[in-house]
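Predicted model, so just to flag it, every value in this text is computed and none were measured. Within every chain, numbering begins at 1; the chains are lettered A, B, ... in the order of the sequence lines, protein sequences first and strands thereafter. Basis for what follows: all heavy atoms, side chains included, without hydrogens, waters or symmetry-related copies.
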There are 2 protein chains.
Amino acid sequence: MPNTSPHDQQAPPSRRELNKAATRQAITDAALELLRTKGPGNFTVEDIADAAGISRRTFFNYFSSTDAALASIVHGFLDTAIQQFRLRPAEEPMLESAQAALSALADPEAVAPLAELFTLTQQSSLMAHSELEAWDHCRAQVFAVARERLAGTPGGQDELYVHALAGSIISCGKAAMEVWFSRRGPDLTTGSLTELRQLLIDSIALLGTGFAPPASPSAVRSS
Amino acid sequence: MPNTSPHDQQAPPSRRELNKAATRQAITDAALELLRTKGPGNFTVEDIADAAGISRRTFFNYFSSTDAALASIVHGFLDTAIQQFRLRPAEEPMLESAQAALSALADPEAVAPLAELFTLTQQSSLMAHSELEAWDHCRAQVFAVARERLAGTPGGQDELYVHALAGSIISCGKAAMEVWFSRRGPDLTTGSLTELRQLLIDSIALLGTGFAPPASPSAVRSS
DNA sequence: GTGCAACTTTGCACTACATGCAAGTATTTT
DNA sequence: AAAATACTTGCATGTAGTGCAAAGTTGCAC
């Protein structure tokens, strides 16, 4: 029995929880596989449900649309970043925390699904909806963390500051991902991931310097 | 006759153009009116079409969804900003151009429709999709302009710089709008609009100073 | 103004999305 | 083992969105 400790608050993976998680995973797996084989827009919710071994109706108990099912991949990706971000010490400057959190994204395990999703859906704009929402959801979480952290600091009550900061951090992360992907495509080699990490760090550095006008592009000290 | 000059490139508002524009306007008007009276999510495309005096099918010749019809309001709003942005001299620092362009948004004519849309859809998230897309579309345009402008400057070929800058500018504009709306709601008085303009300017100023950590909130010289 | 070409609107048919509901099945609790 | 709870499923229903071809407008040349 995996009952680790008497007063273990989290970790009661009951059968129901496990089943639900498995079903959820089966759905996204099926959706991704159909995306690979049939291409974006060429399969229906029913196809996914069949492939996942559930009913059409059950699909909608988990996701509200095909897009949402695929966007859960993006959500998973961004959630790792948020987790990292939450772990940073409260005293650390916000932008450094962001750099650290984003660096964690340049990890094969984490980016692989996202990179494949990008390659499969690029130029189709079918993901646009849910993907933008995923980023925005992440923004909202960064905002929440930032607000809490800055609550004590002078000027930390300034809503504008916190909103603008959170939004800009997300935009920079997004920018780095976009540039990386446009340069490397689905390349997941070590070199490529190193470049991604550098891009993520550099983009936050740009933010920290206020986009110092025509600075030499790679002269920003970044690691 | 409104034929102004012999070699007028633009301005051939033929009957067809005018009809289309009128239909388009009738649709958004009808959609907005239904939003007022029935509330978000409580009316169908057919309702809009009926109210606009066209067929359901014709609606889809103009917009791909209810959301899209309403989001055209946001598009119109953001297009004025882009127009202003395009008019700025190429030598001007990018962030100053952004401030100038955003200031133009604090105009009763421009914000009024958006403010109403916000009040009618807040907390319903029904607009989320198309609204995020509208902002992203604006971001893409800022990116295009910025890329062109920076092409000659040292480091201007740095895609990361341009992407991150465009995204951050949009995020700051969005942040200012959000804060303004959360403070003032649908208040369109002169004082309220002055505050909006100040927020827009301040948010870009924050960007320019690299979010100088816990700076005094209102000590940033802004006008 | 007549007539032809180009464009726009419309009705119809059809597929797919999305949700409520009630009955069935699995899991948990007692 | 029985009762309570949670999840799945099929069915019914209403709406979204698109292709197509017929009908209606507008533009243009003669």
Side-chain angles (χ1 to χ4, degrees), chain A residues 1-3 8 11-31 34-35 38-72 124-130 133, chain B residues 1-3 10-31 34-35 38-72 124-130 133:
Chain A
M1 277 153 196
N3 214 354
D8 229 340
S14 71
R15 189 58 175 277
R16 274 183 183 150
E17 306 284 342
L18 291 176
N19 284 346
K20 286 186 74 169
T23 300
R24 206 182 167 78
Q25 189 63 45
I27 292 174
T28 61
D29 287 352
L34 282 167
L35 191 64
K38 300 201 161 191
N42 299 334
F43 55 97
T44 73
V45 169
E46 190 156 17
D47 294 334
I48 302 177
D50 287 352
I54 56 168
S55 78
R56 200 185 103 84
R57 189 62 184 79
T58 298
F59 172 92
F60 285 111
N61 287 344
Y62 284 85
F63 298 103
S64 60
S65 69
T66 304
D67 275 15
L70 289 169
S72 74
S124 85
S125 87
L126 278 170
M127 285 297 301
H129 279 191
S130 303
E133 264 178 15
Chain B
M1 278 149 196
N3 214 352
Q10 82 287 36
S14 71
R15 189 59 174 277
R16 277 186 181 145
E17 307 284 341
L18 290 175
N19 284 346
K20 287 187 76 168
T23 301
R24 205 182 169 79
Q25 189 62 46
I27 293 174
T28 62
D29 287 351
L34 283 167
L35 190 65
K38 302 202 160 188
N42 299 335
F43 56 95
T44 71
V45 169
E46 190 155 18
D47 294 334
I48 302 176
D50 286 352
I54 56 168
S55 76
R56 196 184 101 87
R57 191 62 184 79
T58 298
F59 172 93
F60 285 112
N61 286 344
Y62 285 83
F63 298 103
S64 61
S65 69
T66 303
D67 275 15
L70 289 170
S72 75
S124 85
S125 88
L126 277 171
M127 284 297 300
H129 279 190
S130 301
E133 264 179 13

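Look at CG on B:D50: it is 14 Å from C1' on C:dG11, rounded to the nearest Å. One interatomic measurement links the two molecules: CD of B:E46 to C1' of C:dC12, which rounds to 13 Å at whole-angstrom precision. Rounded to whole Å, the distance from CZ on B:R15 to C1' on D:dT25 is 10 Å. Look at CZ on B:F63: it is 15 Å from P on D:dA16, rounded to the nearest Å. One can place CG of A:N61 at 16 Å from P of C:dC17, the figure rounded to the nearest angstrom. The separation between A:E17 atom CD and D:dT5 atom P is 17 Å, rounded to whole Å. Taking atom CG of residue B:L34 and atom C1' of nucleotide D:dT15, one finds them 16 Å apart after rounding to whole Å.
Across all strands, B:F59 comes closer than 4.0 Å to no nucleic acid atom at all (heavy-atom distances).
Among the nucleotides C:dA16, D:dC7, C:dT10, the one closest to the side chain of A:Y62 is D:dC7. Proximity note for B:F60 (side chain, C-beta onward) versus D:dA16, C:dC17, C:dT10: the nearest is D:dA16. The side chain of B:I54 approaches C:dT10 more closely than any other nucleotide in the set C:dT10, C:dT27, D:dT26.
The OG1 atom of B:T23 sits 4.0 Å away from atom OH of B:Y62, with the distance rounded to the nearest 0.5 Å.
For B:R57 and D:dG19, a side-chain-to-base donor-acceptor distance below 3.5 Å is present, hydrogens and geometry of angles not being considered. The base of D:dT5 sits with one of its N or O atoms less than 3.5 Å from a complementary donor or acceptor on the side chain of A:R16. A donor and an acceptor atom sit less than 3.5 Å apart, one in the side chain of A:R56 and one in the base of C:dA18.
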Under 3.5 Å donor-acceptor pairs involving side-chain atoms of residues 46-53 of chain A, not counting sequence neighbours:
unit_1, atom_1, unit_2, atom_2, d
A:D47, OD2, A:T44, N, 2.9

- request: Starting from the C-alpha separation in whole Å, work towards a yes-or-no answer on side chain to side chain contact (heavy atoms under 4.5 Å, CB included) for A:T28 and A:F63.
  value: CA-CA 10 Å; A:T28 61; A:F63 298 103; 3.9 Å; yes
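For the segment residues 18-30 of chain A, residues with any heavy atom less than 4.0 angstrom from an atom of DNA chain C are, sorted by number, A:N19.
Of the residues B:L70, B:N42, B:T66, the one that meets the side-chain contact (heavy atoms from CB on, under 4.5 Å) test with B:L35 is B:L70.
Look at B:T58 and you won't find any side-chain N or O under 4.0 angstrom from OP1 or OP2 of C:dT9. Put simply, A:S64 has no side-chain N or O that comes within less than 4.0 Å of OP1 or OP2 on C:dC17.
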